[in-house]
Amino acid sequence: MNHKLISFHYLPTTVFNNKARLEDKDDYLTQLNNLSLDRLSIPSHCIFFESILLTPTIMGNDVVMVDEIPFPQQITTAKPLSLLGYGITDIEIHFLQIKFTAIGVYLEPEIVGHLQQWKGKPGNVVAEDDDFFEALISAPVEKYLRIVVIKEIKGSQYGVQLESSVRDRLAADDKYEDEEEAALEKVVEFFQSKYLKKDSIITFHFPATSGTVEIAFSTEGKEDSKIKVENANVVETIKKWYLGGTRGVSPSTITSLANTLSAELSK
């Protein structure tokens, strides 16, 4: 796997204090790996920060391995959807990488019909064009996000991160009213009592023609629960959190989507 690391300049106080008491690097690495996320004093806007460009491993014709996590190349909801993008969320702390989630983005193949304006544009150009991702988000095709936990965290932490990011974006666009607040409180409550163990799965299913999202959580192979969010502003902003171009939570996922769709558009 080829890595391209980007410097991340925030070092949690907990890590500093631990490092100061350790005598060698191996002890430091061991103690850092044993830290749970809630003991790292990372600001809310920094928890999901990207520092890796992924080259996945293709296993046969059916599965793509993203950081050793299998993603089927196709899933079926209302209709077959293809894996068109993948990536991870992580941070780098003092040259050590901590990975949080792996992401798979599934779309209807017909998405390319809504992106013809970018036909012939290379992936690196498309990845920097937020208008491209606005068109992708608004296209009336089914979208499905599969999020797999790498670093276990409390569900409440994930819910607060999602709520905070969506709220801030809505407020900046002057779209945060009582209805949006109520919808986000519903999301926070959904994750509040959950514990996101390694390999737990969170999915976001966006139907093609309605401004809703179904969020589901499963762990140890069993679906735990799901909720439906029907506030259109909140739903669109959740899409932007993961698919929002240069403002997306996972740059490697955005790069992957741009490269795949650029290749599809060139056919």
Side-chain angles (χ1 to χ4, degrees), residues 1-6 8 29 32-33 37 47-77 79-93 95-109 111-112 123-124 126-127 133 136 142-153 158 195-206 215-224 239 241-245 248-264 266-267:
M1 181 179 292
N2 297 321
H3 293 149
K4 180 179 179 182
L5 295 180
I6 303 170
F8 186 85
L29 290 171
L32 180 59
N33 286 334
L37 181 62
I47 282 187
F48 296 108
F49 185 89
E50 177 63 35
S51 65
I52 187 171
L53 298 179
L54 295 178
T55 302
T57 302
I58 307 297
M59 303 293 289
N61 297 321
D62 300 322
V63 175
V64 175
M65 300 298 290
V66 181
D67 202 69
E68 302 181 359
I69 294 173
F71 283 82
Q73 292 198 38
Q74 189 178 83
I75 62 170
T76 300
T77 53
K79 60 179 65 177
L81 305 179
S82 300
L83 178 64
L84 297 183
Y86 46 76
I88 67 170
T89 56
D90 72 341
I91 59 172
E92 183 191 347
I93 299 175
F95 306 109
L96 299 174
Q97 184 190 28
I98 300 177
K99 303 171 186 177
F100 294 108
T101 64
I103 302 168
V105 180
Y106 295 84
L107 302 168
E108 293 181 42
I111 185 66
V112 296
N124 63 324
V126 171
F133 291 96
L136 185 154
E142 195 173 358
K143 305 172 183 73
Y144 187 93
L145 305 178
R146 185 173 186 263
I147 318 298
V148 182
V149 176
I150 299 174
K151 177 72 173 177
E152 62 182 34
I153 61 172
Y158 179 85
Y195 191 78
L196 309 188
K197 299 178 181 178
K198 179 175 170 56
D199 296 325
S200 297
I201 298 173
I202 302 165
T203 60
F204 296 84
H205 179 210
F206 303 92
I215 305 173
F217 173 76
S218 62
T219 187
E220 299 178 343
K222 300 177 181 179
E223 185 171 84
D224 184 298
K239 289 182 191 177
W241 197 46
Y242 278 109
L243 306 175
V249 72
S250 169
S252 64
T253 302
I254 295 302
T255 297
S256 174
L257 273 171
N259 289 335
T260 300
L261 290 171
S262 173
E264 291 296 317
S266 69
K267 292 179 180 179

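Sequential numbering from 1 along the given sequence is applied to the chain's residues.
In this structure the side chain of L196 reaches within 4.5 angstrom of the side chain of I202, judged on heavy atoms. Side-chain contact between Y158 and V149: absent, with no pair of heavy atoms (C-beta onward) separated by less than 4.5 Å. At a threshold of 4.5 Å between non-hydrogen side-chain atoms, the residues I69 and I88 do not count as touching.
Between the side chain of S82 and the backbone N or O of P109, no donor-acceptor pair lies under 3.5 Å. Between the S266 side chain and the A263 main chain, a donor and an acceptor come within less than 3.5 Å of each other.
Legend: residues meeting side-chain contact (heavy atoms from CB on, under 4.5 Å) with I103, ordered by chain and number and at least two apart, are T89, T101, V105, I147, Y242, S250, T253. Legend: residues meeting side-chain hydrogen bond (donor to acceptor under 3.5 Å, both in side chains) with K197, ordered by chain and number and at least two apart, are E220. By the salt bridge (charged side-chain N to carboxylate O under 4.0 Å, His left out) test, K198 pairs with no residue at all, sequence neighbours left out. By the salt bridge (charged side-chain N to carboxylate O under 4.0 Å, His left out) test, E142 is found to be paired with no residue, residues two or more places apart in sequence or in another chain being considered. Every residue was checked against the side-chain hydrogen bond (donor to acceptor under 3.5 Å, both in side chains) condition with S262, not counting sequence neighbours, and none meets it. For Q74, there are no side-chain hydrogen bond (donor to acceptor under 3.5 Å, both in side chains) partners, not counting sequence neighbours.
Using cut-offs of 30° and 60° for the angle between ring planes, the Y106 and Y144 rings count as perpendicular.
Rounding to the nearest 0.5 angstrom, the gap separating the CD1 atom in I75 from the CZ atom in R146 is 8.5 Å. Summarising the geometry, atom CG belonging to D67 is positioned 13.0 Å from atom OH belonging to Y86; distances are rounded to the nearest 0.5 Å. Taken from CG in N259 to CG in L257, the straight-line distance is 9.5 Å, to the nearest 0.5 Å. Between the CD1 atom of I215 and the CG atom of L145 there is a distance of 10.0 Å, given to the nearest 0.5 Å. The line from CZ of F71 to CE of M65 is 9.5 Å long, rounded to the nearest 0.5 Å. To the nearest 0.5 Å, the span separating CG on L84 from CD on Q73 amounts to 10.5 Å.
Here the shortest heavy-atom pairing between F217 and S200 reads CE1-CB, 3.7 Å. Nearest heavy-atom pair across A127 and F133 is O-CE1, 3.9 Å. Of all heavy-atom pairs spanning G123 and A258, the tightest one is O-CB, 3.5 Å. Smallest separation of non-hydrogen atoms from V63 and P70: CG1-CB, 3.5 Å. Here the closest heavy-atom approach between residue G245 and residue I254 is recorded as O-CG1, 3.4 Å.
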Exercise for the section: Evaluate side chain to side chain contact (heavy atoms under 4.5 Å, CB included) for V126 paired with L261, printing each intermediate quantity in order. Expected result: CA-CA 9 Å; V126 171; L261 290 171; 6.0 Å; no
